[in-house]
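One structure is given here, and the rest of the page talks about it.
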Number of protein chains: 2
Amino acid sequence: MGYKHNKEEILDTGYHVLRKNGYHGVGINEILKEAGIPKGSFYNFFKSKEDFAIQVMEHHAMDQGNWITRFFEEAKGTPINNLKSFYETLIALNESDAYSSGCLINVISNEVGRTHDSIAHCANDCFLGWINIISREIKKGQDAGEIRKDYSALEIAEYLHSGSYGAFSRMKVTRSRVYLDIWWDMSFTFIQEQ
Amino acid sequence: MGYKHNKEEILDTGYHVLRKNGYHGVGINEILKEAGIPKGSFYNFFKSKEDFAIQVMEHHAMDQGNWITRFFEEAKGTPINNLKSFYETLIALNESDAYSSGCLINVISNEVGRTHDSIAHCANDCFLGWINIISREIKKGQDAGEIRKDYSALEIAEYLHSGSYGAFSRMKVTRSRVYLDIWWDMSFTFIQEQ
DNA sequence: ATTAAATTAGACCAATTGGTTTAAATCAGA
DNA sequence: TCTGATTTAAACCAATTGGTCTAATTTAAT
């Protein structure tokens, strides 16, 4: 049967609350209330708030990583078209909260990346995981002659990652996807084989 | 003679402290201690912490805007080379704190852009100011035949802004400029006239 | 020199912070 | 069914949070 509460659901609540409020923007008590668990359970599962945040990040990174992998597995188009629709989907996902939140890892790492080494390190690991998956599809695009080869697949993946994250940050202050769309259009023009 | 303390020096301290710790990562008392002013003076100058943060952001945006303007005025090269050395300088500026902080406006807006509308709005205004200055140099580059013309100067400026900010976020979690360098190299390859 | 406004100083406040503690309840395995 | 570990529950803690308040001091203008 198991106990009343389990880590997964606390991590899930944590994802939503931290993404919206950031790390210092929300207290443990509010997370507890939101998740409907007592404080004793929380400190039974997590040794500190920082530990909690890291586990939330890792959990989300895994979920998201699986989602990206599946996306490319199931995608029916050519590599560059799959990449285009991947980012289009990623952008569209932000409509649900009026383009106000952005990526959990980006929010947290920008906030406390300087003061919490372990969180900065964890964030980078999360990013690298996603970037590696995406770079494989880029490699396919290069092999198919769709994507330019003067930069490596990994470099292009890093480049797309940086670009999209900057545009996501801009999305957050404008509450609109227009800069993401500019980024998307220009990026895919730039990386295609001439 | 004026009173003992003035707003400028409090705003200056605020810039450094907020850039390092974020908005919720530092309390007013610590800012007060750092700036060496009593609480009464603070609430005489600023009506709230949020008001303070906004004024810090605006003050920094103006300083930085003047610096960018002067940079291009004094730059001796062709437009695209001026832009290259501008971003190179911007990146190099982050060596002093081991690439751990990044841009104040980016940090604050990512942290509380969702929960503090006025801060999000202010951040966007700050960005637009800088982007406009940069886009004028891009326009010169287009007129000189150095920069591609299939996107407007403003679009390219927005694109460079997003890209660099994403790379700055990555800088923060890796404590290194490598992704900024990748971004720099690729971006200038992409935007140059073919 | 007088005055009113601005500034300085810091004690004070209720609310909240992350975290600890203790005890009861619940579980899986022998 | 007994046992030891895990989980639940919430009272409790010192420290800190953003902010208020009052009084003293300093300033610039009259």
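Chain naming here is simple, since letters A, B, ... match the order of the sequence lines and numbering starts at 1 in each.
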**Asked** Could you state the CZ-C1' distance from A/F42 to C/dT21, rounded to the nearest angstrom?
**Response** 17 Å
**Request:** Just jot down the salt bridge (Lys or Arg N to Asp or Glu O under 4.0 Å) partners of A/D97, sequence neighbours excluded, or say none.
**Result:** A/R19
**Item:** Base D/dT6 paired with A/Y3 side chain (donor-acceptor, <3.5 Å)
**Value:** yes
**Request:** Identify, with sequence neighbours excluded, every residue that meets salt bridge (Lys or Arg N to Asp or Glu O under 4.0 Å) alongside A/E9.
**Result:** none
**Any B/N44 side-chain nitrogen or oxygen under 4.0 Å from OP1 or OP2 of C/dT7** = yes
**Residues forming a side-chain hydrogen bond (donor to acceptor under 3.5 Å, both in side chains) with A/S176, sequence neighbours excluded** = none
**Item:** Side-chain donor or acceptor of B/R170 paired with backbone N/O of B/V178 under 3.5 Å
**Value:** no
**Prompt:** Think A/H5 has a side-chain N or O under 4.0 angstrom from the OP1 or OP2 of D/dA9?
**Reply:** yes
**Message:** What contact category does B/Y43 fall into here, base, sugar-phosphate, or nothing, at under 4.0 angstrom with non-hydrogen atoms?
**Reply:** base
**Message:** Rounding to an integer number of Å, can you tell me how far A/I31 CD1 sits from C/dG19 P?
**Reply:** 11 Å
**Complete:** Picking from C/dG19, C/dA9, D/dG18, the nucleotide nearest the side-chain atoms of B/N29 would be D/dG18
**Prompt:** Taking atom C1' of D/dT7 as reference, at what distance in whole Å does atom CD1 of A/I10 sit?
**Reply:** 11 Å
**B/N124 (side chain) donor-acceptor with B/A120 (main chain) under 3.5 angstrom** = no
**Item:** Closest-nucleotide 5' rank along DNA chain D - winner of B/E30 and B/K4
**Value:** B/E30
**Request:** Measure from CG on A/D51 to P on C/dG19 and round the result to the nearest Å.
**Result:** 10 Å
**Request:** Take the protein atom CD1 of B/I28 and the nucleotide atom C1' of C/dG10, then report the distance between them rounded to whole Å.
**Result:** 15 Å
**Message:** If the condition is salt bridge (Lys or Arg N to Asp or Glu O under 4.0 Å), which residues does A/K139 pass it with, not counting sequence neighbours?
**Reply:** A/D143
**Asked** Roughly, in whole Å, what's the span from CG in A/N6 to P in D/dT6?
**Response** 17 Å
**Fill in**
Per-nt protein contacts along nucleotides 10-15 of chain D (heavy atom under 4.0 Å; B base, S backbone sugar-phosphate only, - none) come out as B-----
**Request:** Under the salt bridge (Lys or Arg N to Asp or Glu O under 4.0 Å) rule, collect the residues that match up with B/E111, sequence neighbours excluded.
**Result:** none
**Item:** Closest-nucleotide 5' rank along DNA chain C - winner of B/I37 and A/K49
**Value:** B/I37
**Asked** What integer distance in Å separates A/F46:CZ from C/dG18:C1'?
**Response** 15 Å
**Item:** Gap between atoms NZ and C1', on B/K33 and C/dG10 respectively (whole Å)
**Value:** 16 Å
